[in-house]
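For reference, the structure is listed below as structure tokens.
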Amino acid sequence: NASSFFFNPLLRLCAGEEKRVGTRTVVVGHRPVSETDAYVAQKFCDNRIVSSKYTIWNFLPKNLFEQFRRIANFYFLIIFLVQVIVDTPTSPVTSGLPLFFVITVTAIKQGYEDWLRHRADNEVNKSNVFIVENAKQVQKESEKIKVGDIVEVKADETFPCDLIFLASSSVDGTCYVTTASLDGESNFKTHYAVRDTTVLCTDEAIDSLTATIECEQPQPDLYKFVGRIIIYRSNQEPVARSLGPENLLLKGATLKNTKKIYGVAVYTGMETKMALNYQGKSQKRSAVEKSINAFLIVYLCILLSKATVCTTLKYVWQSNPFNDEPWYNEKTKKERETFKVLRMFTDFLSFMVLFNFIIPVSMYVTVEMQKFLGSFFISWDKEMYDEEIKEGALVNTSDLNEELGQVEYVFTDKTGTLTENSMEFIECCIDGHKYKDCMPEADGFSQTDGPLKYYGKAEKCREELFLRALCLCHTVQIKEGDQVDGLIGHPEHKCCVFGWWCCGGFFVWLLNPFLFSERYQLLHVLNFDPVRRRMSVIVRTTAGKLLLFCKGADSSIFPRVQQEEIQQTKVHVDRNAMDGYRTLCVAFKELTQKEYDKIDRQLNEAKMALQDREEKMAKVFEDTEADMHLIGATAVEDRLQEQSAETIEALHAAGMKVWVLTGDKMETAKSTCYACRLFQTSTELLELTARTVGESERKEDRLHELLMEYHKKLIQDFPKNRGGLKRSWTLSQEYGLIIDGSTLSLILNPSQDSSSSNYKNIFLQICLKCAAVLCCRMAPLQKAQIVRMVKNTKGSPITLSVGDGANDVSMILEAHVGIGIKGKEGRQASRNSDYAVPKFKHLRKLLLAHGHLYYVRIAHLVQYFFYKNLCFILPQFLYQFFCGFSQQPLYDAAYLTMYNICFTSLPILAYSLLEQHISIDTLTSDPQLYMKVSDNAMLQWKPFLYWTFLGAFEGLVFFFGVYFLFQNSSLEDNGKVFGNWTFGTIVFTVLVFTVTLKLALDTRFWTWMNHFVIWGSLAFYVFFSFFWGGVIWPFLKQQRMYFVFAHMLTSVSTWLAIILLIFISLFPEILLISVVLVRNLSHRKARDPLSARPSVRPLLLRTFSDESNVF
Amino acid sequence: MAVNYSAKEEADGHPSGGVGVPGGGAVGGGGAVKTRKPDNTAFKQQRLPAWQPILTAGTVLPAFFIIGLIFIPIGIGIFVTSNNIREYEIDYTGTEPSSPCNKCLNVSWDSTPPCTCTIDFTLEHSFESNVFMYYGLSNFYQNHRRYVKSRDDSQLNGDNSSLLNPSKECEPYRTNEDKPIAPCGAIANSMFNDTLELYRIDNDTRIPITLIKKGIAWWTDKNVKFRNPSGDTNNLTALFQGTTKPVNWPKPVYMLDSEPDNNGFINEDFIVWMRTAALPTFRKLYRLIERTNNLQPTLQAGKYSLDITYNYPVHSFDGRKRMILSTISWMGGKNPFLGIAYITVGSICFFLGVVLLIIHHKYGNRNTSADIPN
């Protein structure tokens, strides 16, 4: 990405590599702590955000340099230079003009983008901020902020740089912040000021603060920050306080619901976390591009061999002196004096230049335009627009359009992708007694008057405890009903109507049937994290009792509670999990004051730690959350997204393998898989999970046994002939694989035992044979590992990852194509994706229709380009045999230049944007069609050879057709003769008409635009030729085309020859179509005479899928 | 090839647009929040009304027959026309010792007096309509690049400055003895300068046949592209003042012909020569023989003799020289290629049509389209 080019060097300038590891010391307000301290001012970069690449002065050289770094442009530049330096047959204009055009257009585009960046940069850099200097507010431009400045930010302003929160207008030193622009989470987050500075909430007060901050060097992780503030008071020992992410206000976030805050700048400009985060992702390249490059190499070889052959033959031919220099055609003095080797070299270069049109500049332009313009159709698609979130599909890169048509493996997240990620309360159990809502529509408990159907009843105090736990143990701040903007951000507030319980991205709607009128003081929150899979709060009741409430996944709660309590709840939990519900267990314990003091001390210690803070915290948490009492469990349902089952079926039918990668537990994930028909009832499940492998030390052996068993079942027992039908799951349909995270890590990272090192291979083989794979209990990194593993298998299948949350980003980035769901878990996934769609179901159209069409379009575009330039240049090559290998061009320079730019470019561009060889509806409804283009079918060597053959055949027809025509003494009825330029013009006319009509033959979807550009191009060619030949051009040295075209058309023979040659050139194509038509007819007749169903079968595809039998 | 355009940012624009690092595909450049609902237009939804040709055996097979039925008659027509064209060709290079022109084989440009030879021949059939006399050269690379570009079209177009300062492309035939050559360049320098005269031998008397030397060049060449230099006078000698003749020419360009409208650059022989041939074996129109008498053929069957003033050396590069007499039809000179090609293609089409039709009838039923269901 653009900005990344610039960020890195800048960073290096700013921070210096060696400084990135250490810590930085920031002097608050630039007030030296003490005169005695030898304080060496560290140098920090200023607060200027530079995302632009160029300045006015360096734009031209830098942009040109960037552009010519691309191989293609460089190649054309070389050709151009050769034309300028060496005496070559075609004028430098022929290649210079297209190159100039390309370079200029790109430069303008990049310049415009950069100008936009400059403008936006300025907007940010010049915005006004208030800095407290000498107890006064000073208004400054944002870019002038230096590290150590105390900045005042008012409500609804964004933070101009990363600040350490010192004080706010609220007494308790908190403020609310939304980070929607950073990670997409739109909820308000509370940040805390350091306790000792909260009182300094005026300009004067804050100015009196003398402190230094030690913190780590800038690093991009938004959620990590470790630092320490040391506050010096006039006659006291300096106080050190720890600083964590909750003290850091990030640039880009917005202050909400707080009048103003004071903060000290710690990271500025390009060192802010936001700037560090937007360092682009690596460029993904599509398989089509790789094919293009392969074909390019072939054509480059053709080019080189043509030039070599011509050069060699030239010197063989010239070895005869009367051929080399007959009396009528003497060399110039200069030519005679040049060394032979040099002459040969220039001859070689000349031939290269003459034939260089075989690799056209215009192809790159057209491919790029096609991708750029074509991608708009995705974002324009109203079927992918979601009314709920009022957004349609989003295209982040246009490079991968065609890759959507090539997907073989789909890796999907479960929560929020297959399911809606909106939780519905289903039931709960307290002490083994089940409480279930009888009304299926109701939002769980929220129907307060709706009686709960309960099966037995727990003691009242347990119920209350349970509900209390749910109400207290959360980190959500609740908006009060009538006070819209107000926040009840303080958990010690009395629990009220709603308990909106949020935990790691999912939440439960709960309504408290009892109104507590108790106050709790929140002492500590032991935050949720995906490793612990639980969270706790420590509260003090009004009565002074200390309670710890903990909730979390069953697997993480059960080991921490009294074992005898588990059994009754476990039954419910397991059953709920089987039904596909998410379960949470709730536990509590009472703490004595002594215990609490110890915990408090440990926690504070851990929080103060500068090094390994996380580990230390985790350790304390671990110790704290032990020996609890289980109260109960809740079950909530995460409903399937609409049509996700149908989508999965369609993807299956389209020959894609769908793998579900989820962090969820096996039972839940499994039931979801059944619900969305990833597993059928007939599917035989192979399990590689903790359950089957076991927990004991023998698990490696057990795993080995299982792997061998499955391997035998799937691979060895299957008859080999199955390989004949590519991507057909009919036989393997019955197998599905389930693996969990721990087993996966066992397979991927086996212990020292060397015999297990090929587990990975066996596992992979098993995986590839299964129709569906479910990976549960996956860490984000493991998701990416799985994707990488499949991506790197033999044949490197195209993978697609789809997910909605931050935990899917790694796999989205890893896969060939990353799809983000614009879900509820923030924007991170869609930001990092290549395409983002609102719902999982949109994948169906995106892949089956858009992907298929884009693939067919670009494949045809690429093949057509190579084809049309082969038959363009081949006659030129053949002509060398008849002009003494003198590099005489067959076509006029204008034709050489215009051929790819004007005469034949628009029809193929229109085709590649509009073609629908099969209607979109058919494509979406018949997923099997997707298989027809699988494995890059249209860009394999076979179709490439077919197109090359076609191009070569046509080139031969053009040249020799006209050659034989010119055996005639005269082609006109007045006996006058034509010259070499007429010869070339006839060839060129046939060529332009043939390649255009060939495209017309391939077009299956004739919109008015196709008609316009196809017939328009031909008309333009004729018009241009008349015009070009109709004027004596004042600045041209040669008037060789004068009236050549008009004269040509006065000859009846020429007309007849042109028509005949066009027909002959197109004949193989027509013949192929007919043969295929008739053969298909007979096949069908032979197979099933009744199945005749008139459908629009793609002719183009037919050509490719069937030609294997024709040629 | 990356197109990472920032247009997407507009779609991505979350409320805080304009805050972050803009561009680079990172954070939205912001701007007004547009309504994001895609337009429901036919174009944007890819639902433009379109003609979708469905090729079926039923439509393709008749096309074969129709094409066959059109091409075969055209081919026959062309073939017959071509066959009716009379053409007679004499090679007068004189490489064979028996040839009368053998003595002239090694002439050079400036041999004086010019070598002449006479070749007698007999026309078996009479030439009924207008006869066109061509000269043909073989192994003469008029399409050699160095040769093709060795001319100055603005000089030939009568541009006075180019007349005295010809283009560099004309090297090494640009100047001679410090005087600009007019017309410059290799093409002009090597202009064909044999003189051919035709006599009918009627009872041992040689009756000269009128050879018309005008009307052999393209009209546009003669009248627009080629012009003599302009000046106050019509006297070409004065107009070409300051130039010198091409090295190989016996006389300067203003003495090519006695008639003023066929002299200088607009001499038609010269114009014909200047139109470089496409292939190393070529013919160029030399003279016209018009049919004067409606009752008599232009050239009766009988004995003729061809007088050649042999100036043009071709032996050094293994070339050949020919004289061709030919009649012309509506489609030009004799060329069996086009007719045969048409007949062949037409027949193949027809034949394939039949073959495919048989298969079609054997397997297909009348009312099905030829698409296979899968």
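All chains are named by letter (A, B, ...) in the order of the sequence lines, taking the proteins before the strands, and each is independently numbered beginning at 1. It should be emphasised that the depicted structure is a prediction, and the values quoted were computed from it without experimental measurement.
Of all the heavy atoms in B:Tyr134 and A:Ser970, the pair that sits closest is OH-CB, 3.2 Å. For the residue pair A:Trp327 and B:Ser316, the shortest heavy atom distance occurs at CD1-OG, 3.2 Å. Here the closest heavy-atom approach between residue B:Ala278 and residue A:Tyr879 is recorded as O-OH, 2.7 Å.
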Next item on the list: For the pair A:Ser886 and B:Tyr141, evaluate side-chain contact (heavy atoms from CB on, under 4.5 Å) and give the outcome as yes or no after the intermediate values.
Entry: CA-CA 10 Å; A:Ser886 59; B:Tyr141 284 84; over 6 Å; no
Note to self: Using the rule given for ring pair (Phe, Tyr, Trp, His ring centres under 6.0 Å), can you reason through B:Phe337 versus A:Tyr963, listing the C-alpha separation, both sets of side-chain angles and the distance that settles it, and then say yes or no?
What the structure shows: CA-CA 10 Å; B:Phe337 162 71; A:Tyr963 174 81; 9.5 Å; no
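Note: A:Ile1032 CD1 to B:Asp153 CG = 7.5 Å, rounded to the nearest 0.5 Å. One finds the OG atom of A:Ser1053 at 7.0 Å from the CD1 atom of B:Ile78 (value rounded to the nearest 0.5 Å). Atom CD in A:Gln888 sits 7.5 Å away from atom OG1 in B:Thr276 (nearest 0.5 Å). Atom NZ of B:Lys334 is separated from atom CD of A:Gln967 by 14.5 Å, given to the nearest 0.5 angstrom. Taking CG from B:Leu338 and OG1 from A:Thr1054, the interatomic distance works out to 9.0 Å, rounded to the nearest 0.5 Å. How far OG of A:Ser1074 is from CG of B:Leu357: 12.0 Å, rounded to the nearest 0.5 Å.
Proximity to chain B is absent for every atom of A:Leu890, based on heavy atoms less than 4.5 angstrom apart. Within the 4.5 angstrom heavy-atom criterion, no atom of A:His118 approaches chain B. Contact annotation for B:Pro49: only backbone heavy atoms (N, CA, C, O) come within less than 4.5 Å of a heavy atom of chain A. Of the two parts of B:Leu356, the backbone and the side chain both hold a non-hydrogen atom closer than 4.5 Å to a non-hydrogen atom of chain A. Contacts of B:Ile67 with chain A are made by side-chain atoms alone, with heavy-atom separations under 4.5 Å and no backbone atom involved. Proximity to chain B (any heavy atom under 4.5 Å) is restricted, for A:Ile920, to the side chain, taken from C-beta onward. In this structure, the portions of A:Leu965 lying under 4.5 Å from any heavy atom of chain B include both its backbone and its side chain. B:Ala63 does not touch chain A: none of its heavy atoms, backbone or side chain, sits under 4.5 Å away. Both the backbone and the side chain of B:Lys225 come within less than 4.5 Å of a heavy atom of chain A. Contacts of B:Ala277 with chain A are made by backbone atoms alone, with heavy-atom separations under 4.5 Å and no side-chain atom involved. When heavy atoms are compared at a cutoff of 4.5 Å, B:Val148 approaches chain A by way of both its backbone and its side chain. Contacts of B:Asn139 with chain A are made by both backbone and side-chain atoms, with heavy-atom separations under 4.5 Å. Neither the backbone nor the side chain of A:Met384 comes within contact range of chain B; no heavy atoms are under 4.5 Å apart.
No hydrogens or angles considered: a donor-acceptor pair under 3.5 Å links the side chains of A:Gln887 and B:Arg145.
Contact check for A:Phe964 versus B:Asn335: no side-chain heavy atoms found under the 4.5 Å cut-off. Counting heavy atoms from C-beta on, the side chains of B:Ile328 and A:Asn974 never come closer than 4.5 Å. Side-chain contact between A:Asp381 and B:Pro38: absent, with no pair of heavy atoms (C-beta onward) separated by less than 4.5 Å. Here the side chains of A:Phe1067 and B:Ile348 are in contact, with some heavy-atom distance below 4.5 Å. Inter-residue side-chain proximity for B:Tyr342 and A:Leu1056 is flagged as met; some heavy-atom pair is nearer than 4.5 Å. Considering only heavy atoms from C-beta on, A:His1047 comes within 4.5 Å of B:Thr220 through its side chain. Considering only heavy atoms from C-beta on, A:Arg1004 comes within 4.5 Å of B:Pro53 through its side chain. Looking at A:Phe377 and B:Lys44, their side chains never come closer than 4.5 Å, going by heavy atoms from C-beta outward.
A distance of 6.0 Å or more separates the ring centres of A:Tyr1042 and B:Trp218. A:Phe1063 and B:Phe71 have their aromatic ring centers within a separation under 6.0 angstrom.
Side-chain N or O atoms of A:Trp1008 include none that pairs as donor or acceptor with a backbone N or O of B:Ala50 at under 3.5 Å. With hydrogens and angles disregarded, no donor-acceptor distance shorter than 3.5 Å links the side chain of A:Lys976 to the backbone of B:Leu285. A:Tyr328 places no side-chain N or O within donor-acceptor distance of the main-chain N or O of B:Gln142, the cut-off being under 3.5 Å. No side-chain donor-acceptor contact under 3.5 Å links A:Gln1038 to the backbone of B:Ser154. A donor-acceptor distance shorter than 3.5 angstrom exists from the side chain of B:Arg146 to the backbone of A:Asn329, with no hydrogens or angles considered. Under a 3.5 Å cut-off, the side chain of A:Asn968 and the backbone N or O of B:Gly333 do form a donor-acceptor pair. Proximity of a side-chain donor or acceptor of A:Asp973 to a complementary backbone N or O of B:Gly332 within less than 3.5 Å is not detected. Under a 3.5 Å cut-off, the side chain of B:Gln45 and the backbone N or O of A:Lys382 do form a donor-acceptor pair.
In summary, A:Glu330 and B:Arg174 do not engage in a salt bridge, as defined by a charged side-chain N under 4.0 Å from a carboxylate O.
The candidate with the highest count of non-hydrogen atom pairs below 4.5 Å against chain B, out of A:Ile1070, A:Ile1064, A:Leu971, is A:Leu971. Comparing B:Phe282, B:Trp219, B:Phe43 by how many heavy-atom pairs each has under 4.5 Å with chain A, the most go to B:Phe43. Listed options A:Gly984, A:Ala836, A:Gly961 were ranked by heavy-atom pairs under 4.5 angstrom with chain B; first place goes to A:Gly961. Options B:Arg47, B:Met331, B:His144, B:Gln155 differ in how many heavy-atom pairs under 4.5 Å they form with chain A, and the most are formed by B:His144.
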